[in-house]
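Here is the structure we will look at, set down as structure tokens.
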Amino acid sequence: MAKTGLKHFVYGKPNADYSKYTGGRVLGAIQNNITINTNDVKLYVDDVVKETDRSFASGTVDIVTDDLLDEDKAEMLGHEIDEESGEIIYKAGDVPPELGFGFYGQVSRNNKKMYRAAFLLRVQFSEPSDENDTKGESTDFKTQAVSGSVLTLPDGRYKTEKTFASEQEAVEWLDEKVGYGKLGTLTVKSEAGSAAGKTKITVTPAKQGGHSYKYKAGSSVTDPKYGDVCTSGYTDWDGTAEITATTSQKILIVEVDADNKAMAAGSTTVTAKA
């Protein structure tokens with residue numbers, strides 16, 4: 001197998017059992033190196049090796065990307081962005097979260113172009129160095145290097161990979177792994193509420209743990225894009241309270257994460273009590 005490229009760094013937050021990742025984001029891919037260290041233990045019996053242990057001991061992943069946006073620094077390294085000032089707050093006690101991390105690259109197999117995608121199931125990145133130089137006579141591009149520890153799941157798994165015939169399939173596989181770029185669909189129903197001008201809204205499927213709902217109503221509504229911050233123009237909703245709206249209006253319900261980023265959405269025509 002000849003490797004001839006590297007693209008599409010992705011990462012996402014795992015749920016409690018690492019069966020699903022959400023909040024996916026994409027980084028520019030420049031360089032990636034995964035090192036897996038194995039045990040090397042031998043049991044000698046009668047002066048010969050009878051048993052060996054070459055199992056997983058530890059692992060590291062070193063990546064180089066073009067830049068880390070403020071949102072990526074917060075997500076990957078466990079920092080906080082102040083909602084009012086927009087500043088990133090670094091604290092001595094900040095602990096980087098565990099994430100899933102993936103990438104793909106072109107490979108050649110039997111003179112045929114293929115695309116190998118790999119996904120590390122549990123990675124904890126560490127704070128990178130912050131190197132800066134004054135501008136000299138010629139341009140010197142500075143990239144961002146970040147290192148992380150590769151950890152195993154309770155069942156011992158630490159990586160999955162798959163080879164695809166097309167580049168698009170590799171991208172879609174990685175994006176699906178971390179929930180990137182795909183807004184979930186909510187089924188929204190409206191019926192007359194208990195008081196005049198009120199509508200009772202039901203939403204399926206139920207929101208994920210840690211998520212909440214926002215809504216807006218009007219003559220027309222437009223779904224947000226996946227990951228859009230839904231604050232301006234939206235109203236908080238607890239998922240059960242009746243909403244004041246006008247019959248024949250459109251109402252949009254958006255499921256957002258802890259950072260008010262759109263994860264799923266759905267709309268319907270309002271039916272309110274006369």
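As a basis for the values below, the full set of heavy atoms in this structure was taken, side chains included, without hydrogen atoms, waters or symmetry mates.
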Listing, residues 233-242 side-chain donor-acceptor contacts under 3.5 Å, not counting sequence neighbours, or none:
| from | atom 1 | to | atom 2 | distance (Å) |
| --- | --- | --- | --- | --- |
| Asp236 | OD1 | Lys214 | NZ | 2.4 |
| Trp237 | NE1 | Ala241 | O | 2.7 |
| Asp238 | OD1 | Thr240 | N | 2.9 |
| Asp238 | OD1 | Thr240 | OG1 | 3.3 |
| Asp238 | OD1 | Ala241 | N | 2.8 |
| Glu242 | OE1 | Ser194 | N | 2.9 |
| Glu242 | OE1 | Ser194 | OG | 3.0 |
| Glu242 | OE2 | Ser194 | N | 3.2 |
| Glu242 | OE2 | Ser194 | OG | 3.4 |

Verify the distance criterion only: is there a donor paired with an acceptor across the side chains of [X] and [Y] at less than 3.5 Å?
| X | Y | result |
| --- | --- | --- |
| Ser126 | Ser147 | no |
| Arg109 | Thr163 | yes |
| Ser55 | Asn39 | yes |
| Ser219 | Lys250 | no |

Would you say the side-chain atoms of [X] pair up with the backbone N or O of [Y], donor to acceptor, closer than 3.5 Å?
| X | Y | value |
| --- | --- | --- |
| Ser267 | Ile251 | no |
| Asp259 | Lys261 | no |
| Asn15 | Ser19 | yes |

Once rounded to the nearest 0.5 Å, what's the spacing between atom [atom1] of [X] and atom [atom2] of [Y]?
| X | Y | atom1 | atom2 | value |
| --- | --- | --- | --- | --- |
| Cys230 | Glu255 | SG | CD | 11.0 Å |
| Ser232 | Asn260 | OG | CG | 11.5 Å |
| Ile81 | Ile88 | CD1 | CD1 | 5.5 Å |
| Thr152 | Leu121 | OG1 | CG | 10.0 Å |
| Glu161 | Trp173 | CD | CH2 | 7.5 Å |
| Lys113 | Gln106 | NZ | CD | 4.5 Å |

Test of understanding: clusters of I, L, V, M, F, W, Y form through side-chain heavy atoms closer than 4.5 Å, transitively. Do [X] and [Y] belong to the same one?
| X | Y | answer |
| --- | --- | --- |
| Phe119 | Tyr158 | no |
| Tyr104 | Val178 | yes |
| Leu120 | Tyr18 | no |
| Leu77 | Phe101 | yes |
| Val26 | Ile30 | no |

Heavy-atom pair of closest approach, residues [X] and [Y]:
| X | Y | value |
| --- | --- | --- |
| Pro224 | Ala262 | CG-CB, 3.7 Å |
| Met76 | Tyr11 | CG-CZ, 3.6 Å |
| Ala274 | Ala196 | O-CB, 3.8 Å |
| Ala245 | Val270 | CB-CG1, 3.8 Å |
| Ile253 | Leu186 | O-CD1, 3.7 Å |
| Ala117 | Phe164 | CB-CE1, 4.0 Å |

For [X], look at atom [atom1] and say whether over 12 heavy atoms of other residues, nucleotides or ligands are found less than 6.0 Å away.
| X | atom1 | answer |
| --- | --- | --- |
| Lys20 | NZ | no |
| Glu176 | CD | no |
| Asp155 | CG | yes |

Measure the shortest side-chain to side-chain distance between [X] and [Y] over non-hydrogen atoms and say whether it is less than 4.5 angstrom.
| X | Y | result |
| --- | --- | --- |
| Val107 | Tyr115 | no |
| Glu127 | Tyr90 | yes |
| Phe56 | Ile36 | yes |
| Gln144 | Val64 | no |
| Thr160 | Lys177 | yes |
| Asp72 | Leu27 | yes |
| Gln31 | Ile63 | no |
| Tyr215 | Val203 | no |

Yes or no on side-chain contact (heavy atoms from CB on, under 4.5 Å) for Leu68 and Val146, after CA distance, side-chain angles and deciding distance? CA-CA 10 Å; Leu68 286 182; Val146 187; 3.9 Å; yes
Please name all residues satisfying side-chain contact (heavy atoms from CB on, under 4.5 Å) with Asp94, sequence neighbours left out, ordered by chain then number. His79, Lys91
side-chain contact (heavy atoms from CB on, under 4.5 Å) between Asp257 and Thr22: does it pass, once the steps are laid out? CA-CA 9 Å; Asp257 65 9; Thr22 57; over 6 Å; no
Salt bridge (Lys or Arg N to Asp or Glu O under 4.0 Å) contacts in which one or both residues fall within residues 196-209, not counting sequence neighbours: none
Once the angle between the rings of Tyr180 and His8 is folded into 0 to 90°, is it parallel (under 30°), tilted (30 to 60°) or perpendicular (over 60°)? perpendicular
As a quick check of understanding, evaluate side-chain hydrogen bond (donor to acceptor under 3.5 Å, both in side chains) for Thr199 and Ser190, giving each step before the final call. CA-CA 6 Å; Thr199 181; Ser190 170; 2.5 Å; yes
Charged N to carboxylate O under 4.0 angstrom, Lys13 versus Glu98? no
Go through the steps for Glu169 and Lys162 under the test salt bridge (charged side-chain N to carboxylate O under 4.0 Å, His left out), then give the verdict. CA-CA 10 Å; Glu169 289 176 302; Lys162 190 173 181 179; over 6 Å; no
